[in-house]
Student: 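Structure incoming, see below.
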Amino acid sequence: MRTQVAIIGAGPAGLLLGQLLAKAGIANIIIEQRSRAHVLSRIRAGVLEPGTVALLDEAGVGQRLHREGLPHGGFELCIDGRLQRIDLQALTGKQVMIYGQTELTRDLMDARAEAGLESVYEAQQVEVLDFDGRQPGVRFVQDGRARELRCDFIAGCDGFHGICRASVPPALLTTHEKVYPFGWLGVLADVPPVSPELIYVRHERGFALCSQRSATRSRYYLQCDSQARVEQWSDQAFWDELRRRLPAAEAARLVSGPALEKSIAPLRSFVAEPMRFGRLFLAGDAAHIVPPTGAKGLNLAASDVAYLWQALADFYRGSELGVDHYSQRCLQRIWKAERFSWWMTTLLHRFPNQPAFDARLQEAELSYLIESAHGRGMIAENYVGLPL
C-alpha cells in the first residue's frame, strides 16, 4: 500500500486532517484501532471556537453544524450563588458554537465516506516505521492479515494513549504534566437545559458545569473525588447534588431524567515537546491534554490540524518552511491555552486541604474578575480563542 500521508486515529483531529488534505489534492489513508461505532460512542467536548467553525467550513463539513448547532454569545459564572454573565459578543464581537463532538465526528465520517476516501477500522498491532528517514510507514493487522502502508508522512492523531507518541525514543521527547486532585462526574441526559447558556459554578461543595448538546439534550458535570467510581453515584444522587450547587432559581428549573451516559474524567494538564520527529507529526491529544474547564481540548486539536494541513500543502508545493516550523507554531498556541485552562480550573474548583490563605486569594481573584470590565474581557478573549 502507498499514500502520501498516513493518519493514525479516526477521531475529530484525524478525520478533519484527512478531509482538508483531500480537498488540497493530497492522498491520505486513516488507520484506526477501534471500530467506527466505538469512535462515535465517545462523549466529549461541545464548545467550538469561531476559528474551529471556520476551519470546518473550509473542510466542507459545516452545513449541519450551522443548521443544528447552538450559537452562544456568552456564558454565566456562578460564584457562591451569585450569577455574572460573561458577554462574549459585547466584549469580543464573537460567539462560540455548541455542537457535540459525536455529531462533528459523524459529519466528518460521512463526508469521508461520500468522497470515497479510505479508512481502515479495527486495525490491530499498529506500528509506525522509519519515521526518522525518508520512507516512513505503518504496519498493522487487518482481518488477520499483516499489511504495510508506505507514505511520505505520518500524522499521529491517535490520542493520549496512542502508539505514535509512545514510539518516539524517550531521549527525544520532553513531557510536562500536572495531575489535579479531583475529576469530573459527567451525565448526558435527554432533558432540556437548565439555562439557555452554559453555567460555570463555584460552590463550597465543589465545581459544577451546566452544559448542553441541543434544546432537548443536556450535559452536566460535578467535581468529584479523584478516586470516586461511577458505581457510587446513582442518577438520583447526581441530580440531588447538582441542585445543591446551583442557585435556588436554577435548581428549581432543573429537569432530571435517566442518564444516557455517565462517566468520570480525571483532570490533567499535559504537553509533549516537540511535536515533530522527522516524518512523524503529533496532533491533538497525542501531544497535549487540557482540563476541560477552559473548553480548549477539541479547539486545540483543530488548530494543530490547521497548521499541519497548511504545512503539508506547502511541502507539496515546494516549500518546507511550514513543516520545519510546525511544532513551534503549535506549541505557542498550546501553552497559552494550557495557561487559561489551568487558571480557570484553579479559580473555580475546591482543592482538598486548601490553606485558608489560598482560598482567600481565590476569592479575591474571582471578585476582581466579576467586578472589573478588564477581568471579564480577559476571560472572554481567552474563551473565544486566538485566530487560526
Side-chain angles (χ1 to χ4, degrees), residues 5-23 28-70 96-123 126 155-162 164 186 188 190 211-214 216-219 260-261 263 265 282-290 292 295-306 308-309 388:
V5 181
I7 301 172
I8 313 298
L15 288 164
L16 179 56
L17 178 60
Q19 187 73 7
L20 289 163
L21 291 175
K23 287 179 71 67
N28 64 90
I29 295 176
I30 293 180
I31 299 170
E32 167 61 50
Q33 297 189 61
R34 301 286 192 165
S35 68
R36 186 180 190 275
H38 183 274
V39 173
L40 282 171
S41 71
R42 297 169 181 157
I43 305 297
R44 294 288 189 274
V47 180
L48 304 182
E49 295 174 359
T52 301
V53 173
L55 189 64
L56 293 166
D57 288 337
E58 178 76 24
V61 293
Q63 298 89 339
R64 189 161 75 98
L65 181 156
H66 288 288
R67 189 170 63 247
E68 300 180 13
L70 304 174
V96 295
M97 183 74 79
I98 307 302
Y99 192 66
Q101 180 172 313
T102 300
E103 301 309 312
L104 175 58
T105 303
R106 191 185 310 278
D107 294 342
L108 287 162
M109 282 183 173
D110 290 347
R112 188 169 182 84
E114 185 177 340
L117 304 174
E118 185 172 0
S119 300
V120 177
Y121 287 93
E122 299 183 80
V126 178
C157 304
D158 53 344
F160 183 74
H161 298 289
C164 290
L188 184 73
D190 275 336
S211 185
Q212 55 196 255
R213 293 295 178 266
S214 71
T216 58
R217 177 167 290 186
S218 299
R219 181 70 164 164
L260 301 175
E261 188 270 350
S263 58
L282 302 181
D285 288 359
H288 46 77
I289 298 288
V290 290
K296 294 299 173 200
L298 179 56
N299 294 295
L300 269 187
S303 70
D304 292 349
V305 165
L308 185 51
W309 156 58
L388 288 176

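Numbers here simply count residues along the sequence, with the first being 1. Quantities reported herein were computed from a predicted structural model and do not represent experimental measurements.
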Student: Could you give me the CA-CA distance, side-chain angles and deciding distance for D57 and K23, then say whether salt bridge (Lys or Arg N to Asp or Glu O under 4.0 Å) is met?
Tutor: CA-CA 12 Å; D57 288 337; K23 287 179 71 67; over 6 Å; no
Student: Any heavy-atom pair between the side chains of D107 and L56 that's under 4.5 Å?
Tutor: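 Side-chain contact under 4.5 Å: no.
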Student: Rounded at 0.5 Å granularity, tell me how far CE in M109 sits from CG in L104.
Tutor: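 Those atoms lie 10.5 Å apart.
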Student: Measuring only between side-chain heavy atoms, which start at C-beta, is L20 closer than 4.5 Å to L55?
Tutor: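 Yes, close enough: below the 4.5 Å cut-off.
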Student: If you compare all heavy atoms of I7 against all heavy atoms of C157, which two are closest, and at what distance to 0.1 Å?
Tutor: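 For I7 and C157, the tightest heavy-atom pair comes out as CG2-SG, 4.2 Å.
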Student: Quick one: CG on L40 to CD on Q101, what's the gap to the nearest 0.5 Å?
Tutor: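 Taking CG in L40 and CD in Q101, the distance rounds to 10.5 Å.
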Student: Would you mind reporting whether V47 and I98 have side-chain heavy atoms less than 4.5 Å apart?
Tutor: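 In contact.
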Student: How long is the gap from CH2 on W309 to CD on Q19, to the nearest 0.5 Å?
Tutor: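 Result: 11.5 Å between the selected atoms.
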Student: Identify the two heavy atoms, one from L108 and one from P12, that lie closest to each other, and give their separation to 0.1 Å.
Tutor: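 Where L108 meets P12 most closely, the heavy atoms are CD1-O, 3.9 Å.
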Student: Taking side-chain hydrogen bond (donor to acceptor under 3.5 Å, both in side chains) as the test, write out the residues that go with D304, two or more places apart.
Tutor: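 In terms of side-chain hydrogen bond (donor to acceptor under 3.5 Å, both in side chains), with neighbours along the sequence ignored, D304 is linked to H288.
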Student: Quick check for you: to the nearest 0.5 Å, what is the distance between L16 atom CG and R112 atom CZ?
Tutor: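 Atom-to-atom, L16:CG and R112:CZ are 11.5 Å apart.
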Student: Could you tell me which residues satisfy side-chain hydrogen bond (donor to acceptor under 3.5 Å, both in side chains) with T52, sequence neighbours excluded, listed by chain and number?
Tutor: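 For T52, the residues satisfying side-chain hydrogen bond (donor to acceptor under 3.5 Å, both in side chains) (neighbours in sequence not counted) are N299.
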Student: Should V53 and H66 count as side-chain neighbours, where that means a heavy-atom distance under 4.5 Å?
Tutor: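 With C-beta onward as the side chain, the pair touches.
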Student: Quick check: closest heavy atoms across L282 and A287, and the distance to 0.1 Å?
Tutor: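 Closest approach of L282 to A287: CB-CB, 3.9 Å.
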Student: Under the side-chain contact (heavy atoms from CB on, under 4.5 Å) rule, collect the residues that match up with T102, sequence neighbours excluded.
Tutor: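 Per chain and number, T102 pairs via side-chain contact (heavy atoms from CB on, under 4.5 Å) with I43, R106.
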Student: Is there a donor-acceptor contact under 3.5 Å from the side chain of R219 to the main chain of G46?
Tutor: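 Not confirmed, R219 side chain does not pair with G46 backbone.
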Student: Looking at residues at least two apart in the chain, or sitting in another chain, which of them share a ring-ring contact (aromatic ring centres under 6.0 Å, His included) with Y121?
Tutor: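 So Y121 forms no ring-ring contact (aromatic ring centres under 6.0 Å, His included) with any residue.
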Student: Once you round to the nearest 0.5 Å, how far does OG of S214 lie from CD of E103?
Tutor: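 Here the rounded value is 9.0 Å.
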Student: Would you find a donor on one side and an acceptor on the other, under 3.5 Å apart, between the side chain of D158 and the backbone of I8?
Tutor: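 No.
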Student: Ignoring hydrogens, what is the shortest heavy-atom contact between A22 and N28? Give both atom names and the distance.
Tutor: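 Nearest heavy atoms, A22 then N28: N-ND2, 3.7 Å.
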Student: Out of curiosity, L15 CG to T105 OG1, how far, rounded to the nearest 0.5 Å?
Tutor: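 These two atoms lie 6.5 Å from each other.
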Student: Quick one: closest heavy-atom pair of V5 and A155, and the distance?
Tutor: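 Nearest pair, atom of V5 first, then A155: CG1-CB, 4.4 Å.
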Student: My understanding is that only residues two or more places apart in sequence, or in another chain, count here; which of them pass side-chain hydrogen bond (donor to acceptor under 3.5 Å, both in side chains) with R42?
Tutor: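 By the side-chain hydrogen bond (donor to acceptor under 3.5 Å, both in side chains) rule, R42 matches no residue at all.
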Student: Can you name the residues that form a side-chain hydrogen bond (donor to acceptor under 3.5 Å, both in side chains) with H38, not counting sequence neighbours?
Tutor: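 H38 satisfies side-chain hydrogen bond (donor to acceptor under 3.5 Å, both in side chains) with no other residue.
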Student: Closest approach of I31 and A123, non-hydrogen atoms and distance?
Tutor: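 Nearest pair, atom of I31 first, then A123: CG2-CB, 3.6 Å.
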